[in-house]
Each structure stands twice: as structure tokens, then as C-alpha cells.
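Presented below is the structure to which this report refers.
Letters go in sequence order (proteins before strands), and every chain restarts at 1.
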2 protein chains.
Amino acid sequence: MKKPRAAAESAAPLPEWEALVVEAVGTVIEFWRFKRNQGRVWALLYLRGRELTAAELQEALELSKGAVSMVTRELEQWGVVSRSHAGSDGVWRFRAETDLMKMVGRVIEARESKLVLGVKADLERAERLARQRDDVPPDVLARLQRMKTLAAVIDRAVRGFLHTARLDVGGAVSVLSGVLPARRARRTSARVNPG
Amino acid sequence: MKKPRAAAESAAPLPEWEALVVEAVGTVIEFWRFKRNQGRVWALLYLRGRELTAAELQEALELSKGAVSMVTRELEQWGVVSRSHAGSDGVWRFRAETDLMKMVGRVIEARESKLVLGVKADLERAERLARQRDDVPPDVLARLQRMKTLAAVIDRAVRGFLHTARLDVGGAVSVLSGVLPARRARRTSARVNPG
DNA sequence: CTTGCAGTTCAAGCGCGCTTGAACTACACC
DNA sequence: GGTGTAGTTCAAGCGCGCTTGAACTGCAAG
């Protein structure tokens, strides 16, 4: 075999600083309702900056064979990781895309959209049903109305957030890729939202 | 027993339109990582617009005794529901507060803050450790740096979202209370929210 | 064709947090 | 004091989604 590894199999195979980064990203991604291991895989690929094989991922992150397969497929479907069949040995290699936020934003937006549409429909149906009855006092109807307003307001705020996050991150300055805006400015985050 | 209810115990004791609203709020609140039943309880209290006893909540929402106790206590701690010991029969009654978003915003902000601070600390520690070594190439350090930037950007976007949501909802026009901008109408729980 | 490795699939297992319900406390009334 | 009702607490149970690992597919070399 071509893997004469030195360290024991059970010990954490990652240097501490890499582990810290990987776990940090895992935690954040988990917070956004993705799977922790999706974040960990992406983080390692991004940090290393080169292609890694499934076996390398499996060992570095202590995942099972199945988990690597699942997680990479999902990341690929979202377009945050790409896979290449590098000719030499016929083994798949994975690489991180740098427009993470665009994709995360898209997914979050889709989820939020689905939720809001459902809620909106339910509230409207409830209102219709309530108006058909004669035992629902007008102040109750008014509050039902206000809930619809609240829903709309939250929806707008969420879309604003996504817009801001994606523009700031993926816009003029691509934070994660190496592309810097011009000669000047090391870290000028493109300020898009006024205020 | 003083509760000669007509319907069977197992059937949904809520008219459909109310159930729709209650479940819709439950779904939304769950999406924001609160407990579904917290949303359901608040929604019913808000919709009814009057105080309800624990027993009424329990029956209407088909909750256990313990669940009502827990959920109401949590809602109370967050200040979205208030409890009053209405003298007559020495029974607790609950009422919905209308500044829901302020509280939800506060809680989300606290959570997000905790997360971001932890992640920030970890990334900085990772960077320090990495710089102490001689085997970490500069491009890797640069990417680590960029991750820190990304974290800061996301953090700003989240705070922007919370700011927007709270201002829009709790600001000049208090959406959930009865206070309307011009024509001030019926329920004057006159809440004035300064920016 | 057989062997062996890379990768995929999916049923079963596991972990984790929510809910239940019974025991317990508090308090009012007799 | 005793009895009854309202409310609280918390260990055990349950549900649900993620992970595992073994069986399976596919492919390339012998």
C-alpha cells in the first residue's frame, strides 16, 4: 500500500490548528442547519487549497466511508465542492469552490421561501374560514391580519439579510477566493447596504 | 367536574381556523430554533386576546400538564407572555405580550453572538498556532485570514437583519399591538417604541 | 473470468432533545 | 391538622435525523 502513515489510526490525525478551523466551520454551518460534516469537509478542502481524495478526507476528519460519499455528493449538488476524475489513478478528487455564501444563501432562501409561502397560505386560509363564521369578533380578525403583516416584515428582513450577505461576500470582492479588488485595499469589504 | 365539554377528548379541540394559525406560528417559531409549543402557546394567547388559564391552554393545544408549566415559564422569562394571579379563584392566567420580535431578536442575537465569539476565538487561536509552525505555507495562512473576514461579514449581516426586523416590527408602527399609525383605534395598550 | 479496490446505498443503530406523567410542593378551605 | 386542587420538577420514554458498516455496483488489471 502507498500510505505509510506514521500516526496511530485512532488519534486525531489533524494538527490542532487545522482541527480548530474545521470544527469552527462545522459549528457555523450546523447553526445554519446544514450538517456539521458538510462544513468540516468544505473547510478542510478550502484550507488545504488543493484536491483531496475521499480516503484523505475520511482519515483526516475521521469519517466513515459512507459519510464521505454522502457528504461530498451533497456538497457537490450545491456547487460548493467540485469533483474531478484526475486521470492518473482513476480516483476521485475533491476541491472547494470559493463562492460558499452564494450557495448557502441560495439554499437558505429556498428554505425560507418554502416556509413563508406555506405560512402565508395557512394564515390566509385561516382568515377566510374565520370570516365565514359569525362568532369571530372583529378584533380577533384584526390580530390575524397583523400576524400576516408580521410575516411579511420578517420575510423582507430575511431577504435583506441574504442580499447583504451575498453581495458583501461574493460581490465586487470575492472574500474567499484569492481575488483582491485592485492594487489598493487589502480587505475592503464592498459596502453595499447603506446605513 | 366542572368541564362539561361536548367534543371528545381526542379530537382537536380548536376550530380549524384557529388551529391553522397556531400551527403556522409554531412552524415559524420552530424554524427560529424555539420550541414549537412555545409558538403555539403564544399564538393562541395572542389570537384570543385575553387571559387564558393553564388548563385552557392544556386542553386547547393538547399539551400535558408539565408541558404547559414548562413552556409558559420559558415564555415568561423571555417576556413574551405575562402571568397574573387574578384574585378571584387563585388561578394563574396568561396573556400574550405584543413585542414578540423584540424578544425573539434579543434571543437570536444572544445566540448568534455566543456563536460568533467562539468561532472568532477559535480561528484566531488557529492562526496563532499556525504561525508558530514553519510548515504552514503563506497561502494557507491567507485563506485562514479570509475565513475570519467571512465570519465578520456574516456577523454584520445578521446584526443588520435583526436591526431591520426589530425596527420594522417594533418601531414607529407596532404591528402586533393595536396601535396603528394614524387612526388610533380600539385597544390602546399604548406602547411607544422609540427607535 | 476473477480479483481487488473505489465508491454508493440503505437498513439498523445511536444520540440528543423534547414530552410525558407521576411524585412532589404550595396553598386554600374545611 | 386533613383534604383537594393548581402548579412544578425531573427521570424515563419516545421520535427523529444523522452515522455507521456491510452488501452491492462498477471498473480496471491480471
Side-chain angles (χ1 to χ4, degrees), chain A residues 1-5 9-10 22-23 26-27 29-42 45 51-78 81-95 107 111, chain B residues 1-3 9-10 22-23 26-27 29-42 45 51-78 81-95 107 111:
Chain A
M1 287 307 344
K2 40 272 315 267
K3 290 198 286 183
R5 242 168 299 94
E9 291 290 311
S10 55
V22 161
E23 297 310 324
T27 302
I29 221 68
E30 196 173 27
F31 186 79
W32 292 104
R33 326 181 84 110
F34 297 89
K35 292 187 207 151
R36 161 165 275 261
N37 283 335
Q38 290 169 351
R40 301 208 312 144
V41 166
W42 180 86
L45 289 174
E51 298 188 324
L52 296 184
T53 64
E56 286 169 327
L57 289 173
Q58 182 180 344
E59 195 199 334
L61 301 175
E62 298 184 294
L63 297 173
S64 69
K65 214 161 170 264
V68 172
S69 177
M70 272 206 49
V71 167
T72 50
R73 187 163 45 78
E74 290 157 349
L75 291 174
E76 223 188 326
Q77 283 169 353
W78 291 335
V81 156
S82 63
R83 161 190 312 228
S84 68
H85 215 170
S88 64
D89 54 355
V91 158
W92 288 112
R93 285 162 196 282
F94 301 93
R95 166 178 286 280
V107 175
R111 287 184 194 158
Chain B
M1 290 307 301
K2 41 267 317 267
K3 291 197 284 184
E9 290 290 313
S10 55
V22 161
E23 298 309 325
T27 301
I29 221 68
E30 195 173 27
F31 186 79
W32 292 103
R33 332 190 95 164
F34 298 88
K35 292 187 207 151
R36 162 165 274 260
N37 282 334
Q38 291 169 351
R40 301 207 314 144
V41 166
W42 179 86
L45 290 174
E51 298 188 324
L52 295 185
T53 65
E56 285 169 328
L57 289 172
Q58 182 180 345
E59 195 199 334
L61 301 175
E62 298 183 294
L63 296 173
S64 69
K65 215 160 168 264
V68 172
S69 177
M70 273 207 48
V71 167
T72 50
R73 186 162 46 78
E74 290 157 350
L75 291 175
E76 224 187 325
Q77 282 168 354
W78 292 334
V81 156
S82 63
R83 162 191 311 229
S84 69
H85 213 171
S88 63
D89 55 355
V91 158
W92 288 111
R93 283 160 197 283
F94 301 93
R95 166 178 286 280
V107 175
R111 286 183 193 159

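- Taking the six-membered ring where the residue is Trp, A/Phe34 and A/Trp78 present perpendicular rings, their angle passing 60° and hence far from 30°.
- Atom-to-atom, CZ of A/Phe34 to P of D/dT19 comes out at 15 Å; the value is rounded to the nearest Å.
- The line from CZ of A/Arg83 to CH2 of A/Trp92 is 5.5 Å long, rounded to the nearest 0.5 Å.
- For the pair A/Leu52/A/Val41, no side-chain contact is recorded, criterion being any heavy-atom separation below 4.5 Å from C-beta on.
- Distance CZ (A/Arg83) to P (C/dG7): 8 Å, rounded to an integer number of Å.
- Counting only N and O atoms by type, the side chains of B/Ser84 and B/Glu51 include a donor and acceptor under 3.5 Å apart.
- Atom CG of A/Leu63 and atom C1' of D/dC18 are 12 Å apart (whole Å).
- Residue B/Asn37 places at least one side-chain N or O closer than 4.0 Å to OP1 or OP2 of C/dT19.
- Between A/Arg36 atom CZ and C/dG15 atom P there is a gap of 16 Å when expressed in whole angstrom units.
- When distances are taken from the side chain of B/Lys35 to each of D/dG7, C/dG7, C/dC18, the shortest belongs to C/dC18.
- Remark: B/Glu74 CD to B/Asn37 CG distance equals 10.0 Å, nearest 0.5 Å.
- Following rounding to the nearest Å, A/Glu74 (CD) and C/dG7 (C1') show an atom-to-atom distance of 15 Å.
- Distance from the side chain of B/Ser64 is smallest for C/dG21 among the nucleotides D/dG7, C/dG21, D/dT19.
- With rounding to whole Å, B/Leu57 atom CG is found 12 Å from D/dT8 atom P.
- In this model, the phosphate group of C/dA6 is not approached by any side-chain N or O of A/Arg93 to a distance below 4.0 Å at OP1 or OP2.
- Between B/Glu23 and B/Arg36, the closest side-chain pair of non-hydrogen atoms falls below 4.5 Å.
- For the pair B/Arg33 and A/Phe31, the cation-pi criterion (under 6.0 Å, within 45° of the ring axis) is fulfilled.
- If you take CZ of B/Arg40 and C1' of C/dT19, they are 12 Å apart, rounded to a whole angstrom.
- Summarising the geometry, the separation between CD on A/Gln58 and P on C/dC5 is reported as 15 Å, rounded to the nearest angstrom.
- In this structure, A/Arg33 reaches neither bases nor backbone, as no heavy-atom distance under 4.0 Å exists between it and the strands shown.
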Using a cut-off of under 3.5 Å, enumerate the N/O to N/O pairs linking the protein to nucleotides 9-11 of chain D.
from: D/dT9; atom 1: OP2; to: B/Arg73; atom 2: NE; distance (Å): 3.3

